[in-house]
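A short write-up of the structure that comes next.
To find a chain, count down the sequence lines: A is the first, B the second, and so on, and within it residues start at 1.
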Amino acid sequence: MMAAFWALLRRDMALALRSGGGAGLGVVFFLSVVTIVPFAVGPDMVLLARIGPAILWIGALLASLIGLERLFAADVEDGSLDALAHSSLPLELVAAAKGLAHWIATGLPLVVAAPVLALMLNLEPAAIGAVVLTLLVGTPAVTSLGLIGAAFAGAFRRGGLLIAVLVLPLAIPVLIFAVSATSAAVTGPVPFGTPFRILMGLTLFALVLGPVAAAAALRAARG
Amino acid sequence: MALLDFANPTRFLSLSARLIPWTAGVAALALALGFTLAFLAPPDYQQGETVRIMYIHVPFAWLSMFGYSMLAASSLGILVWRHPLADVAHKAAAPIGATFTFLCLLTGALWGRPMWGTYWVWDARLTSVLVLFLLYLGLMALRAAIDEPNRAGRAAAVLTLVGFINVPIVKFSVDWWNTLHQPASVFRMGGSTIDASLLWPLLICALGFTLLFLTLHMIAMRTEILRRRVQVLEARAAAEATA
């Protein structure tokens with residue numbers, strides 16, 4: 001069963017990396033979001049340093065949703081999903097493997113790009129470290145919750161706006177604790193570890209909820 | 001099973017036809033009595049007359065969560081028993097719950113302006129009710145996006161259960177983050193902190209609005225059952241016309 005899991009992971013990784021700029025596009029979108037914010041709020045470096053972690057998190061959250069609408073849709077259209085549904089791998093693990101591949105291809109590059117973008121927003125070193133750590137721990141949760149929207153979009157052939165409407169409310173707790181952990185690292189008074197541990201708990205919860213709910217959504221669509 | 005007998009759509013139609021006049025009548029009486037008592041109740045020593053918004057705001061807040069709990073219960077009915085009436089109940093409850101949630105936010109904003117000096121604050125409880133409202137809208141959007149009713153029902157049921165984790169967050173967020181919004185004061189350990197002269201009108205109003213919710217829900221369910229029957233008849237007539 002685990003051989004099937006790793007095979008599916010490798011297949012989805014290859015598809016994500018070889019299809020036109022799958023990983024790069026998310027980072028470019030991330031860069032674009034971060035770039036337009038100073039035009040909206042003004043080039044005040046003190047203000048940007050203060051709201052920088054929030055900008056980075058919103059950018060990463062939106063960038064994580066990119067590509068989700070094709071995650072299951074392609075497999076539904078060419079029939080791969082029917083084959084996967086009849087394989088030895090439970091549908092929950094199919095969703096988990098596809099989610100993990102999607103995170104490695106799109107979520108991890110966001111974490112790597114974040115320190116550079118953080119410098120553009122005048123973040124101090126402690127804040128940069130905190131943002132990178134919270135993104136590393138929090139983006140898997142976003143991708144995992146995104147699997148639910150991806151399953152609906154794929155199964156019912158509906159576009160990306162529906163995914164954002166369904167997934168963003170679910171991601172609010174992750175955003176709250178990620179940004180409060182970052183501000184705790186810079187200004188206190190709560191130690192960084194307190195909100196960060198809650199963030200890790202939310203991620204563990206999302207890692208279970210996402211694949212299970214996505215599998216349930218795919219089964220609901222198959223009837 | 002006796003309970004499932006009532007879930008037969010035809011039996012539901014005849015049962016609800018008999019129930020609706022009673023629930024509607026008692027709702028009207030309870031609301032009339034509740035509103036009268038609410039205006040006779042003494043004004044709050046701090047908040048003055050604006051405290052009377054509480055008698056509609058608090059029932060709306062309860063019913064926003066009641067409506068979502070009803071959606072979650074219907075979702076179990078859809079996913080576990082695959083019962084058509086559960087799907088009808090789910091579809092009918094979503095817009096009603098969304099309306100009550102919106103009214104909760106609206107009356108809260110109108111109450112917040114004189115009391116807190118602002119229509120809106122990003123307090124934990126207000127925010128989680130807003131998220132609940134977004135979940136309602138998301139559910140309705142998902143249903144609207146899917147053409148085939150059975151699959152739409154099951155998809156909405158999955159999403160409802162995922163969002164159900166939000167309902168306890170709404171209820172307990174006050175205790176977790178405890179900010180500007182006052183802590184829970186009616187249902188809590190050690191009894192209510194509201195004086196009886198304010199509590200009784202509130203409970204009567206809550207009863208009236210709950211019965212109003214149930215009445216609207218039954219009417220919406222009846223409409224949905226009849227709509228589906230009409231669709232089946234139309235499809236059959238169209239098939240006979242072509243044959």
Side-chain angles (χ1 to χ4, degrees), chain A residues 54 69 72-73 76 91-92 95 141 144-177 179-180 190 194-195 198 201-202 204-206 208-223, chain B residues 68 72 75-80 82 84 86-87 90 94 98 101 122-170 172-173 176-177 179:
Chain A
E69 63 179 290
F72 289 104
V76 169
L91 211 48
E92 284 80 5
S144 190
L145 294 171
L147 279 177
I148 303 169
F152 285 126
F156 297 109
R157 296 159 196 245
R158 285 293 178 260
L161 208 55
L162 186 67
I163 295 185
V165 167
L166 300 184
V167 172
L168 285 178
L170 301 175
I172 288 172
V174 173
L175 190 63
I176 288 175
F177 286 102
V179 175
S180 60
V190 189
T194 310
I198 299 177
L202 287 172
L204 289 176
F205 182 67
V208 176
L209 180 72
V212 170
L218 290 172
R219 285 201 190 96
R222 291 164 59 80
Chain B
Y68 203 88
S75 300
L76 282 179
I78 295 171
L79 291 174
V80 179
R82 305 208 158 197
D87 184 39
H90 187 283
T101 311
W122 288 96
D123 158 74
R125 185 177 245 198
L126 277 72
T127 312
S128 46
V129 173
L130 181 62
V131 174
L132 183 66
F133 185 56
L134 286 177
L135 283 174
Y136 272 116
L137 296 184
L139 279 172
M140 288 159 67
L142 182 67
R143 238 187 218 282
I146 304 169
D147 304 322
E148 213 253 297
N150 279 334
R151 293 166 65 200
R154 268 174 277 140
V158 171
L159 186 66
T160 306
L161 293 180
V162 170
F164 192 56
I165 51 168
N166 182 256
V167 174
I169 295 175
V170 170
F172 294 110
S173 56
W176 289 353
W177 289 315
T179 51

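For the atom pair B:Leu137 CG and A:Leu166 CG, the distance stands at 11.0 Å (nearest 0.5 Å). Atoms CZ and CG, from A:Phe152 and B:Leu142 in turn, are 5.0 Å apart once rounded to the nearest 0.5 Å.
When B:Ala157, B:Gly138, B:Ala145 are compared by the number of non-hydrogen pairs under 4.5 Å with chain A, B:Ala145 comes out ahead. With chain A as the partner, the residue from B:Leu130, B:Leu134, B:Leu159, B:Leu139 showing the most heavy-atom pairs under 4.5 Å is B:Leu159.
Partners of A:Ala141 under the side-chain contact (heavy atoms from CB on, under 4.5 Å) rule, at least two apart in sequence or in another chain, are A:Val174, A:Thr203, A:Ala206. The side-chain contact (heavy atoms from CB on, under 4.5 Å) test applied to A:Ile172 returns A:Ile176, B:Val131, not counting sequence neighbours.
In terms of heavy-atom proximity, A:Arg219 sits nearest to B:Arg154 at O-NH1, 4.4 Å. For B:Ala155 against A:Ala220, the heavy-atom pair with the smallest separation is N-CB, 4.0 Å. Here the closest heavy-atom approach between residue B:Val158 and residue A:Ala213 is recorded as CG1-O, 3.6 Å.
Each of A:Leu145, A:Ile148, A:Val212 was evaluated against B:Val162; a single residue qualifies, A:Ile148, per the side chain to side chain contact (heavy atoms under 4.5 Å, CB included) test.
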